[in-house]
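First the proteins, then the strands, lettered A, B, ... as listed; each starts at 1. Computation of the quantities below employed the complete heavy-atom set of this structure, encompassing side-chain atoms and omitting hydrogens, waters and symmetry-equivalent molecules. Small disclaimer: the values here were computed from a predicted structure and weren't measured.
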Protein chains: 2
Amino acid sequence: MNELDATDRAILRALSRDATRPAADLGRELGLSQPATWRRIRRLREIGALTGRRLDLDAAALGFGVTVFLGVKLASRGRASLEDFERAVCAIREVQTVEHVLGLYDYRLRIVARDLEDFERVLRRRIMTLPGIGPVEANVLLSEERLPGPL
Amino acid sequence: MNELDATDRAILRALSRDATRPAADLGRELGLSQPATWRRIRRLREIGALTGRRLDLDAAALGFGVTVFLGVKLASRGRASLEDFERAVCAIREVQTVEHVLGLYDYRLRIVARDLEDFERVLRRRIMTLPGIGPVEANVLLSEERLPGPL
DNA sequence: AATGAAACTACTGCCGG
DNA sequence: CCGGCAGTAGTTTCATT
């Protein structure tokens, strides 16, 4: 179905670090012409491996100095609980990511705030009032490193 | 220092969803000319708010059907422990993200594997043998939603 | 900040292996 | 089926007003 050779993986690795690199530049590095490189990129999009290109933002530079990961366990386990919770949590502006997970917690949230005082406000007024919310565990982000991954 | 008006935030919001959108297209939506829009984008880069553009990859389409979040507590708390651990964990190919956090855990790892069997291999042979590793908690990713955030 | 020109990049057919 | 060549369309980038 989808067979990726070493060249495809090299393209994904390079573009993962910097998605602005032109196909011609990339092709020189791989011994390919610009159209050949670009066709491979289009093919990676078509098979769904490459779903888009997004910005890499610096939350601190934007005035959001605090990033917190929240592990959330639901109190009520009904079928409607999940959808109610997801709809409500997605409406909170400070929530960047909502991950539905299996394990000790039901959801993992990535939340940003201007500072710890601001985070406490979000926690008390937005998070703790979510429908069906149970035990919560918090981890404050100190530093983060993104790696190339297994490509 | 960094004063972002509503237009800057609108640009970041739009590019966060799709970083390939041309400045001219974006300017029409905001009532700005193409160069004006482009200057704002350059300024956002210069003040460090916009640090780059990265790919949005679909791990499942690349043959990695399992994504697991690992909360890790270190056993030894010495100053060298952190660096040793970080260096070793960053060398594991299956590790996508390493987050140093404050809370119940010391590190949060995002790990991908081909399937659960493959994940068990990574866990036993790579993760559990990390220097200074202590208690570990795992959460398997079911689904994930990225939101615009507080911009 | 807009206009227009220049350079560059993305994309499309066509042909050869 | 995949890659190179050549040409077109579209975007970025910069100079001028």
> Say you draw a straight line from CD of Glu29(B) to CG of Leu26(B); how long is it, rounded to the nearest 0.5 Å?
Replying inline: 6.5 Å

> How is Gly27(A) classified with respect to the nucleic acid when contacts are heavy atoms under 4.0 Å: base, sugar-phosphate, or nothing?
Replying inline: nothing

> Can you give one letter per nucleotide of nucleotides 11-17 of chain D, going 5' to 3': B for a protein heavy atom under 4.0 Å from the base, S for sugar-phosphate only, - for none?
Replying inline: SBBS---

> Which salt bridge (charged side-chain N to carboxylate O under 4.0 Å, His left out) pairs, counting each pair once, include a residue from residues 133-145 of chain B, with sequence neighbours left out?
Replying inline: Arg110(B)-Glu144(B)

> What is the minimum heavy-atom distance between Arg40(A) and Thr7(A), and which atoms define it?
Replying inline: NH1-CB, 3.6 Å

> Linking Ile, Leu, Val, Met, Phe, Trp and Tyr through side-chain heavy atoms less than 4.5 Å apart, which residues share a cluster with Trp38(A)?
Replying inline: none

>> To the closest 0.5 Å, what do you measure between CG (Leu147(A)) and CZ (Arg93(B))?
In response: 11.5 Å

> Under the ring-ring contact (aromatic ring centres under 6.0 Å, His included) test, which residues partner Phe119(B), sequence neighbours left out?
Replying inline: none

> What's in the same ILVMFWY side-chain cluster as Leu141(A), cut-off under 4.5 Å, chained through other members?
Replying inline: Phe69(A), Val101(B)

> First and last nucleotide of DNA chain C touching chain B, 5' to 3', heavy-atom cut-off 4.0 Å?
Replying inline: dA1(C) to dT3(C)

>> Applying side-chain contact (heavy atoms from CB on, under 4.5 Å), can you list everything that pairs with Arg9(B), at least two apart in sequence or on another chain?
In response: Ala6(B), Arg13(B)

> Aromatic rings Phe85(A) and Tyr107(A): how do their planes relate, parallel, tilted or perpendicular, breaks at 30° and 60°?
Replying inline: tilted

>> So if I take residues 8-18 of chain A and measure heavy-atom distances to DNA chain C, which residues fall below 4.0 Å?
In response: none

>> Check this for me: does any side-chain nitrogen of one of Arg108(A) and Glu99(A) sit under 4.0 Å from a carboxylate oxygen of the other?
In response: yes

What donor-acceptor contacts under 3.5 angstrom involve side-chain atoms of residues 53-68 of chain A, with partners at least two apart or in another chain?
unit_1   : atom_1 : unit_2    : atom_2 : d
Arg53(A) : NH1    : Ala19(A)  : O      : 2.9
Asp56(A) : OD1    : Arg146(A) : NH2    : 3.0
Asp58(A) : OD1    : Ala60(A)  : N      : 3.0
Asp58(A) : OD1    : Ala61(A)  : N      : 3.4

> Does Arg126(A) have any side-chain contact (heavy atoms from CB on, under 4.5 Å) partners at least two apart in sequence or in another chain, and if so, which?
Replying inline: Ile92(A), Val122(A)

>> Which residues pass the side-chain contact (heavy atoms from CB on, under 4.5 Å) test with Arg87(A), not counting sequence neighbours?
In response: Glu83(A), Asp84(A)

> With a non-hydrogen cut-off below 4.0 angstrom, is Arg40(B) in contact with a base, only sugar-phosphate, or nothing?
Replying inline: nothing

>> What's the angle between the local helix axes at either end of the helix from dA1(C)-dT17(D) to dG17(C)-dC1(D), using five pairs per end and rounding to 10 degrees?
In response: 20°

